[in-house]
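The structure under discussion appears below in the form of structure tokens.
In what follows, chains carry the letters A, B, and so on, assigned in the order in which the sequence lines appear, proteins first and then strands, with residues in each chain numbered from 1.
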Amino acid sequence: MSLFSSAGFRSLPLPIGQLSLAAVLNCGQSFRWSCHPLACADSKSQASPNDTSNEYRLCLQDRVICVAQNNKELLYRAIFPQTPICEGSSAQALRDGETLSFIRDYFQLDQDLLKLYEVWGENDATFRNLKDRFSGLRMLRQDPWETLVSFICSANNNISRITKMVQNLGIHFSEPLALPSSQTNNQKYHPFPPPSALAPTSVADKLRELGFGYRAKFIQKTAEMLMEEHGSDAEIFKWLNSLRSRPTDEARAELLKLMGVGRKVADCILLMSLDKPEVVPVDTHVFQIAVKYYGFKGGSGSKLTMTPKLYDDITAKLVSIWGSYSGWAQTVLFTADLKAFANYNLPVAPSADQDTPVKRTISMLPTPSPSPSPKKRKRTSATASSALEVTSITTQESELLEDYGIQRRLRSRKVTSSVITSSNLSLSSGSPT
DNA sequence: TTATCACCTTAG
DNA sequence: TAAGGTGATA
């Protein structure tokens, strides 16, 4: 794609059914990506939830990650702070390798989403009715600290306000990167602030001024608690990351100690940043979905009250249907129920021989279809096959990565969820160190 | 174990 | 009044 390569993008072969950026980055998993129209000819196409003419950007600690896509490729690049002129090409190659490494990790490209959709569809008529309209919805593997703070913000809140709040955290508590203005249109990009920046008592007042409401205290207290417990940002990050290799229940219990973290928020953090793909956060949307499609009673009258026991019951039921990647399946149903996605356009299936996106309007979830009796239903064992492994990297890139030991690191990434069997990980588990 | 309430703010 | 809840109390 000359358009993309001229803009400095590198390409990764990836069917859009494996990842829809527009869906994934707007469905309330992450709140810090910004969307930029690509300066290309195609002005006739209006911005739509699945269009492929946008670039999405996320500011990390040392660079801005940029991604875009078409039907067959994921395009990626990074913008770096201005550095002394004398940088060699090997330094550039190293940074490219790091960027690719981040992309593969963050989007969890080792997971074959098409396979998961297939299995969920086989076992669940409700999912079957949605899967074609909401393809490419996968779980991100986000930074645990950012996820923790973002989801404390999510209590009693909506996506657009959460997004503003999280943006404000960056603007007011973290210095922007010194990026070349030529590449950023003078826009500022702030990394997510570390715990030490949010721990001072004065932060609570500041956050309140910024409209965080009662969550202001939760965020400051949680940051303070973690600083007291672990002493430094580095130790906090280390500890949070260590939760990835602990059993779900233990990791959840740790999170629940933090101020502003209840069961639902804890489960979001587990699912979205701590490698617990089976966890199903039950929010009001999922609760209503459970009532509408999976045989749960919504309390008496119009009031629907969530109790801990009901929460557990719903989780258990959904896991019995969707299996070990239930949290991933939940995201598809959740997104389908979002008003913002009511007019979601069907991404172009690579197999379909048409070049233009098919517009299809839907109005929320389809009507319930009779579900098989629980006893007759096959138990789902959503496997984690890795069809994308290696083949999604070009030879050149592969060599590049080997040069810097990045493939090795990728392969050895520990997938710790107890429900994943070793046979499912044949490719990604390569050589656990 | 479950049920209420207060809590910040905004959109519909 | 509800929005992707939590914490405190009964």
ask   = For A/Y311, which residues count as a ring pair (Phe, Tyr, Trp, His ring centres under 6.0 Å) partner, sequence neighbours excluded?
value = none
task = Hey, could you give me each pair passing salt bridge (Lys or Arg N to Asp or Glu O under 4.0 Å) that has a residue in residues 212-222 of chain A? Not counting sequence neighbours.
result = A/K221-A/E224
ask   = Please, which pairs that meet salt bridge (Lys or Arg N to Asp or Glu O under 4.0 Å) have at least one residue in residues 18-33 of chain A, sequence neighbours excluded?
value = A/R32-A/E146
key: Mutual orientation of the aromatic rings belonging to A/F134 and A/F341 [parallel < 30°, tilted 30-60°, perpendicular > 60°]   = tilted
[X] has an atom [atom1]; how far is it from atom [atom2] of [N], in whole Å?
{"X": "A/Q288", "N": "C/dG5", "atom1": "CD", "atom2": "C1'", "answer": "14 Å"}
{"X": "A/K257", "N": "C/dG7", "atom1": "NZ", "atom2": "P", "answer": "14 Å"}
{"X": "A/F31", "N": "C/dA3", "atom1": "CZ", "atom2": "C1'", "answer": "13 Å"}
{"X": "A/I159", "N": "C/dG5", "atom1": "CD1", "atom2": "P", "answer": "11 Å"}
{"X": "A/D313", "N": "B/dT1", "atom1": "CG", "atom2": "C1'", "answer": "12 Å"}
{"X": "A/L270", "N": "C/dG4", "atom1": "CG", "atom2": "P", "answer": "21 Å"}

message = Treating primed atoms plus P, OP1 and OP2 as sugar-phosphate and everything else as base, which nucleotides of nucleotides 6-12 of chain B get B, S or - for protein heavy atoms under 4.0 Å?
response = -BBB---
Looking for any heavy atom pair under 4.0 Å, which part of the strands does [X] touch: base, sugar-phosphate only, or nothing?
{"X": "A/C27", "result": "base"}
{"X": "A/G260", "result": "sugar-phosphate"}
{"X": "A/V286", "result": "nothing"}

ask   = Can you name the residues that form a side-chain contact (heavy atoms from CB on, under 4.5 Å) with A/K131, not counting sequence neighbours?
value = A/Y117, A/F127, A/R128
task = Record whether the side chain of A/K264 comes under 3.5 Å of the base of C/dG4 through a donor-acceptor pair of N or O atoms.
result = yes
remark   = Judged by nearest nucleotide, the residue sitting upstream toward the 5' end of DNA chain C, A/H285 or A/V261, is A/H285
request  = Between A/L258 and A/S154, name the one whose nearest nucleotide on DNA chain C is closer to the 5' end.
outcome  = A/S154
Partners meeting side-chain hydrogen bond (donor to acceptor under 3.5 Å, both in side chains) with A/R208 (sequence neighbours left out) = none
task = Kindly write out the residues that satisfy side-chain hydrogen bond (donor to acceptor under 3.5 Å, both in side chains) with A/R161, not counting sequence neighbours, or none if the list is empty.
result = A/N157
query = Just one of A/Y76, A/Y56, A/W33 clears the ring pair (Phe, Tyr, Trp, His ring centres under 6.0 Å) bar with A/Y106, so which one?
reply = A/W33
Nearest atoms (heavy-atom pairs only) where [X] meets [Y]:
{"X": "A/L74", "Y": "A/L14", "answer": "CB-CD2, 3.9 Å"}
{"X": "A/K276", "Y": "A/L243", "answer": "NZ-O, 3.3 Å"}
{"X": "A/P281", "Y": "A/L271", "answer": "CD-CD2, 3.8 Å"}

ask   = For DNA chain B, what are the stems built from at least three Watson-Crick or G-U pairs in a row, each pair having both distances below 3.5 Å?
value = B:2-7 with C:5-10, B:9-11 with C:1-3
message = Counting the benzene-type ring for Trp, do A/W328 and A/F334 have ring centres under 6.0 Å apart?
response = no
task = Can you tell me, in whole Å, how much space there is between the P of C/dT6 and that of B/dA11?
result = 23 Å
Protein and nucleotides 8-10 of chain C: nitrogen or oxygen contacts under 3.5 angstrom:
none

message = Going by ring-ring contact (aromatic ring centres under 6.0 Å, His included), name the pairs with one or both residues in residues 238-265 of chain A, residues two or more places apart or in two chains.
response = A/H230-A/W239
request  = Would you jot down, in residue-number order, the residues of residues 194-207 of chain A having a non-hydrogen atom under 4.0 Å from DNA chain B?
outcome  = none
request  = Measure from the side-chain heavy atoms of A/K309 and tell me the nearest of B/dT1, B/dA3, C/dG4.
outcome  = B/dT1
request  = Taking only the side-chain heavy atoms of A/F151 (C-beta and beyond), determine which of C/dG4, C/dG5, B/dT2 contains the nearest atom.
outcome  = C/dG4
Return a table of donor-acceptor pairs under 3.5 angstrom between the side chains of residues 192-206 of chain A and protein atoms on other chains or two or more places apart.
residue : atom : partner : partner atom : Å
A/S196  : OG   : A/D233  : OD1          : 3.4
A/S196  : OG   : A/D233  : OD2          : 2.6

query = Between A/E55 and A/R57, does at least one N-O distance fall below 4.0 Å, as a salt bridge requires?
reply = yes
